[in-house]
S.K.: 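Below is one structure. I have some questions about it.
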Protein chains: 2
Amino acid sequence: MTRAGVTVDRLTRAAAELADEVGYENVTVSALARRFGVRDASLYSHIRSAHDLRVRVAALALTELADRAAAALAGRAGKDALVAFANAYRDYANQHPGRYAAMQMDLDADSVAAPAARRHAEMTRAILRGYRLAEPDQTDAVRMLHSTFHGFVSLERTGGFRHHPRGSDASWARALDALDALLRAWPQ
Amino acid sequence: MTRAGVTVDRLTRAAAELADEVGYENVTVSALARRFGVRDASLYSHIRSAHDLRVRVAALALTELADRAAAALAGRAGKDALVAFANAYRDYANQHPGRYAAMQMDLDADSVAAPAARRHAEMTRAILRGYRLAEPDQTDAVRMLHSTFHGFVSLERTGGFRHHPRGSDASWARALDALDALLRAWPQ
DNA sequence: ATCGGTTGCCTAGTAGCACTAGGCTAGCGC
DNA sequence: GCGCTAGCCTAGTGCTACTAGGCAACCGAT
């Protein structure tokens, strides 16, 4: 019998696909093993636990999103950069809901996802380059931006906006306009 | 043998307490049954499923939060109202993390939580009374407010802010100032 | 006061999940 | 070709959700 060729990377990528297909909370070791045509117990020589697997998916997602954010920000500044980043963020969340959900898990500083989380945080802070804010305003601003992006995407995904005829794209564009105006006026 | 006296309401309240203590994702029918000193199977004459139980917790939380929001908004307008609502929202989330997590679940329009969700939405919209916005700006603004509140609280809870010395209270106050300025300037 | 019927709780059982222990062998390095 | 590592296996534990069917506590009607 030839072997299935399971590796941690292949497991993580498959788990991320599974998360997008069936939802993050339905990513199980058993389902993943089925997808590889092996028994669930066989996966424990590659991953330590189900939690370990989910952390790896979170790290993958954070890295992918940081890559997209970096691409979106390249060569842009000010509102251009803000809008490009925000759209990259929202698009990623809607294209990869399972991966996005994984990103929201509690990640302690010593996990394998820590470098990815740090890089993601750096990219978010890079939006502000064009607005020239000093500390601690910069931190407050980046927290506000991240909150708005995450909150909007999260409510959009859980259906918070669907009971009203106003399209969420329009509200999103308006929110970005508002954030830009806010950042320009921030120092007061 | 005297009976345990389980009712749907007592189950829901106990499940909400359990959620706050051990986390929303760890609310199980078995754990709840243990808390009442009965077998897990016995609960299925009161609730239809674990999902049904979680929806009831969500409805309870939405109602409680709407009550707090109503109390916070009573007799206030403008920034006063905004800050009071926002603090009621954030305090509730931090005092009742499990209930708050339950609120974020997908609730279809025909669930038992629908009236509570509607009431919660109405309270959020009531913040804007003092700012006199017409549609569709009102909808855009209420979505932006809700996004910011939820996003901030959510990131705060999952530890997104803890790797930076700047206190989250200060960033929160700054975000509320910013939102107030935004709403006053909204019509442009 | 007793008698029915309802319903609250029970036992028993199925099936899926995470995870451990220990065995076998494929396929690599020598 | 030989041995060792590492990948996959079976077997088993215990927790979870949930169903079927039984018994007895309690409620209302006579």
Side-chain angles (χ1 to χ4, degrees), chain A residues 1-60 98 101-102 105-108 111-113, chain B residues 1-60 98 101-102 105-108 111-113:
Chain A
M1 195 60 181
T2 173
R3 294 185 177 180
V6 172
T7 66
V8 185
D9 283 347
R10 289 188 61 200
L11 278 181
T12 305
R13 282 197 300 270
E17 285 168 26
L18 192 60
D20 290 335
E21 289 167 23
V22 303
Y24 173 65
E25 68 283 356
N26 297 320
V27 173
T28 66
V29 176
S30 311
L32 195 57
R34 247 172 266 134
R35 186 160 288 213
F36 277 86
V38 298
R39 299 289 175 167
D40 56 342
S42 306
L43 298 190
Y44 288 92
S45 40
H46 303 280
I47 55 169
R48 248 189 300 169
S49 63
H51 178 259
D52 175 43
L53 177 67
R54 293 193 185 103
V55 171
R56 287 175 194 279
V57 174
L60 173 68
M105 67 183 300
D106 255 307
L107 297 171
D108 28 327
S111 84
V112 297
Chain B
M1 196 61 183
T2 174
R3 294 185 178 179
V6 173
T7 66
V8 185
D9 282 346
R10 289 188 61 202
L11 278 181
T12 305
R13 282 197 300 271
E17 286 168 27
L18 192 60
D20 290 337
E21 288 166 24
V22 302
Y24 174 66
E25 67 282 358
N26 296 319
V27 174
T28 67
V29 177
S30 312
L32 196 57
R34 247 172 266 133
R35 186 161 287 215
F36 277 87
V38 299
R39 300 288 177 170
D40 56 342
S42 306
L43 298 190
Y44 288 93
S45 40
H46 302 281
I47 56 170
R48 248 189 299 171
S49 63
H51 179 259
D52 175 42
L53 177 66
R54 294 193 185 104
V55 170
R56 287 176 193 279
V57 173
L60 173 68
M105 67 183 298
D106 256 308
L107 297 171
D108 27 325
S111 83
V112 297

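Letters go in sequence order (proteins before strands), and every chain restarts at 1. Quick caveat, the model's predicted, so the values are computed rather than measured.
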S.K.: Would you tell me if any nitrogen or oxygen in the side chain of A/H46 comes within less than 4.0 Å of OP1 or OP2 on D/dC8?
M.R.: yes

S.K.: Has A/S30 got a side-chain N or O lying under 4.0 Å from the OP1 or OP2 atom of C/dA18?
M.R.: yes

S.K.: Rounding to an integer number of Å, can you tell me how far B/N26 CG sits from D/dC15 P?
M.R.: 15 Å

S.K.: Calculate the interatomic distance between A/Y44 atom OH and C/dG23 atom C1'; express it in whole Å.
M.R.: 20 Å

S.K.: Rounding to an integer number of Å, can you tell me how far B/D52 CG sits from D/dA17 P?
M.R.: 13 Å

S.K.: For A/R48 and A/A31, find the nucleotide of DNA chain C closest to each by heavy atoms; which residue's nucleotide sits nearer the 5' end?
M.R.: A/A31

S.K.: Over all heavy atoms of both residues, which pair between A/A102 and A/A58 is shortest? Give the atoms and the distance, please.
M.R.: O-CB, 3.4 Å

S.K.: Could you state the CG-P distance from A/D40 to D/dC9, rounded to the nearest angstrom?
M.R.: 10 Å

S.K.: Looking at A/R34, I'd like to know whether one of its side-chain N or O atoms comes within less than 4.0 Å of OP1 or OP2 on C/dC17.
M.R.: yes

S.K.: Taking the side chain of A/A41 as heavy atoms from C-beta outward, which of C/dT20, C/dC9, D/dA17 is closest to it?
M.R.: C/dT20

S.K.: For the residue pair A/T7 and A/H46, establish whether any side-chain heavy-atom pair is separated by less than 4.5 Å.
M.R.: no

S.K.: Just the rounded figure in Å: distance from C1' of C/dC9 to CG of B/L11.
M.R.: 13 Å

S.K.: Taking any heavy-atom pair under 4.0 Å as a contact, classify A/S42: base, sugar-phosphate, or nothing.
M.R.: base

S.K.: Using whole Å, what does the distance between atom P of nucleotide D/dC8 and atom CG of A/L43 come to?
M.R.: 8 Å

S.K.: Under 4.5 Å between any side-chain heavy atoms of B/R56 and B/L60, yes or no?
M.R.: no

S.K.: Report yes if some heavy atom in the side chain of B/E25 is under 4.5 Å from a heavy atom in the side chain of A/E25; otherwise report no.
M.R.: no

S.K.: Atom CD1 of B/I47 to atom P of C/dG8: distance rounded to whole Å?
M.R.: 14 Å

S.K.: Which one, C/dA18, C/dA21, D/dA20, comes nearest to the side chain of A/V29?
M.R.: C/dA18

S.K.: For B/R39 and D/dC15, what is the distance between atoms CZ and C1' respectively, to the nearest whole Å?
M.R.: 14 Å

S.K.: With no hydrogens and no angle check, is any side-chain donor or acceptor of B/R54 less than 3.5 Å from a backbone partner on B/V27?
M.R.: yes

